[in-house]
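Before any comments, here is the structure.
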2 protein chains.
Amino acid sequence: MLLSKTCIYGLRASVLLASKKQGGLEYTTIRELSDELEISFHFLTKVLQKLTKSELLESYKGPNGGVKLARDASSINFMDVVRSIDGDSLIHECALGLPGCGLLKPCPLHDQWSGLKMNIITMMQDITLKDMANNDSTGHLLKNPIQIISGK
Amino acid sequence: MLLSKTCIYGLRASVLLASKKQGGLEYTTIRELSDELEISFHFLTKVLQKLTKSELLESYKGPNGGVKLARDASSINFMDVVRSIDGDSLIHECALGLPGCGLLKPCPLHDQWSGLKMNIITMMQDITLKDMANNDSTGHLLKNPIQIISGK
DNA sequence: GTATATTAAGACTAAATACTCTTAAATATT
DNA sequence: AATATTTAAGAGTATTTAGTCTTAATATAC
């Protein structure tokens with residue numbers, strides 16, 4: 001698995017926020033997010049605390065509180081969330097888990113893997129929360145995708 | 001982490017075998033492999049049992065026994081070992097861990113990720129144990145790399 | 001056949017990750 | 001001030017992955 005489950009939960013919640021009114025710039029309760037994403041409320045709370053600490057989200061306690069994106073969904077990318085939760089092991093890690101593998105002392109897979117890894121990182125940096133929110137036509141991330149031709 | 005530690009151990013042992021005389025086609029004891037790779041003997045034994053069951057290795061009990069490659073190192077690729085140990089979750093898994101993600105119901109990352117994933121898989125299929133054994137000039141995988149200008 | 005060398009298999013333990021529950025702190029409403 | 005709503009934080013539990021240990025099975029050599 002490339003990303004931890006914790007990280008995936010953080011991503012899903014961030015994209016869900018981005019899909020909300022005002023592009024996620026107003027408070028939504030974690031309860032609402034956890035209900036929609038079908039993730040345990042308490043666990044999601046912990047995950048989102050990491051995003052709050054790394055200032056991707058802002059939180060507010062009490063009635064009408066919740067979490068919101070700290071800045072526009074188009075300026076937060078996939079990689080920001082990944083680094084906040086999984087750290088940058090993805091960036092530095094050798095495919096064979098060999099300590100000390102690098103340009104100076106490449107493992108047998110280093111050259112091939114660093115190229116592929118760079119492509120993954122570039123992709124993660126290029127795609128923003130807004131992109132993902134707009135690209136969830138199949139409702140994978142958002143159980144109740146944005147209604148274009150709204151019903152009731 | 002893309003590959004489990006178990007999988008990485010299996011890869012390292014396979015490459016080490018491939019680097020041995022006769023290209024790994026004669027028996028080497030697991031004890032020798034575990035000593036050279038500095039992996040616990042018992043744990044490596046378990047890992048290699050998987051490779052033996054999937055017929056990438058052959059084992060033989062008793063004195064002069066051990067494990068050897070079941071076929072030439074140039075005909076076993078990286079992917080063979082990965083699939084034997086980690087299964088093909090790598091091939092099928094959605095980057096966001098979403099069940100049901102696929103061509104028919106792509107998640108917001110599906111298109112980008114499936115392209116990158118294909119590159120990873122292609123790389124793993126293209127590189128053989130022989131390639132890796134030949135390409136370990138820095139001795140990352142093999143603690144005592146093959147001596148070209150042999151000492152003592 | 002007895003001792004020795006080796007892999008196979010299963011039970012067990014440890015560590016990492018995922019998840020739950022309880023309590024505290026902050027804010028709003030009345 | 002009292003109560004309700006919400007996130008924060010910490011302790012605790014469960015599950016998965018990694019690793020260890022013991023015993024069994026198989027083969028060789030004497």
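Below, read A as the first sequence line, B as the second, and so on, with proteins coming before strands; counting in each chain starts at 1.
Residue A:K50 is out of contact with every strand shown, counting any heavy-atom pair closer than 4.0 Å. Counting non-hydrogen atoms under 4.0 angstrom, A:Y9 reaches the backbone sugars and phosphates but no base.
Summarising the geometry, the separation between CE on A:M1 and C1' on C:dA16 is reported as 12 Å, rounded to the nearest angstrom. Spacing between atom NZ of B:K5 and atom P of D:dT20 amounts to 10 Å, rounded to whole angstrom units. As rounded to whole Å, 16 Å separates atom C1' of C:dC21 from atom CD1 of A:I30. Regarding B:I85, its CD1 atom lies at a distance of 13 Å from the P atom of D:dG19, rounded to whole Å. In this structure, NZ of B:K61 is placed 6 Å from P of C:dA8, rounded to the nearest angstrom. A straight line from CG of A:L57 to C1' of D:dT6 spans 15 Å, rounded to a whole angstrom. For the pair B:L44 CG and D:dC21 P, the interatomic distance rounds to 16 Å; values are reported in whole Å. To the nearest angstrom, C1' of C:dG10 lies 7 Å from NZ of B:K46.
Across the interface with DNA chain D, nearest-nucleotide mapping of A:Q49 and A:G62 shows A:G62 to be the residue nearer the 5′ end. Toward the 5′ end of DNA chain D lies the nearest nucleotide of B:L3, the other residue of the pair B:L3 and B:P63 mapping further downstream.
For A:K53, no side-chain nitrogen or oxygen approaches OP1 or OP2 of D:dT7 to under 4.0 Å. Between A:Y60 and C:dA28, a side-chain N or O to OP1/OP2 separation shorter than 4.0 Å is present. Contact check, A:S59 against D:dA8: a side-chain N or O comes under 4.0 Å of OP1 or OP2. For C:dA18, the OP1/OP2 oxygens have a side-chain nitrogen or oxygen of A:T6 closer than 4.0 Å.
Of the candidates C:dA18, D:dA18, C:dC21, C:dC21 carries the atom nearest the A:H42 side chain, counting heavy atoms from C-beta on. Comparing C:dC19, D:dA18, C:dT29 by their nearest atom to the side chain of A:N64 picks out C:dT29. The side chain of B:F43 lies closest to D:dT20, out of D:dT20, D:dT7, C:dT20. The side chain of B:S40 approaches D:dT20 more closely than any other nucleotide in the set D:dT20, D:dG19, D:dA9.
Taking the six-membered ring for Trp and thresholds of 30 and 60 degrees, B:F43 and B:Y9 have ring planes more than 60 degrees apart, a perpendicular arrangement.
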Legend entry - Trace of the side-chain hydrogen bond (donor to acceptor under 3.5 Å, both in side chains) decision for A:T128 with A:D131: CA-CA 5 Å; A:T128 69; A:D131 295 333; 3.2 Å; yes
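Counting heavy-atom neighbours within 6.0 Å of B:R71 CZ, excluding the residue itself, gives a total above 12.
From A:C7, atom SG reaches atom CG of A:L2 across 9.0 Å, with rounding to the nearest 0.5 Å.
In this structure the side chain of A:L33 reaches within 4.5 angstrom of the side chain of A:L48, judged on heavy atoms.
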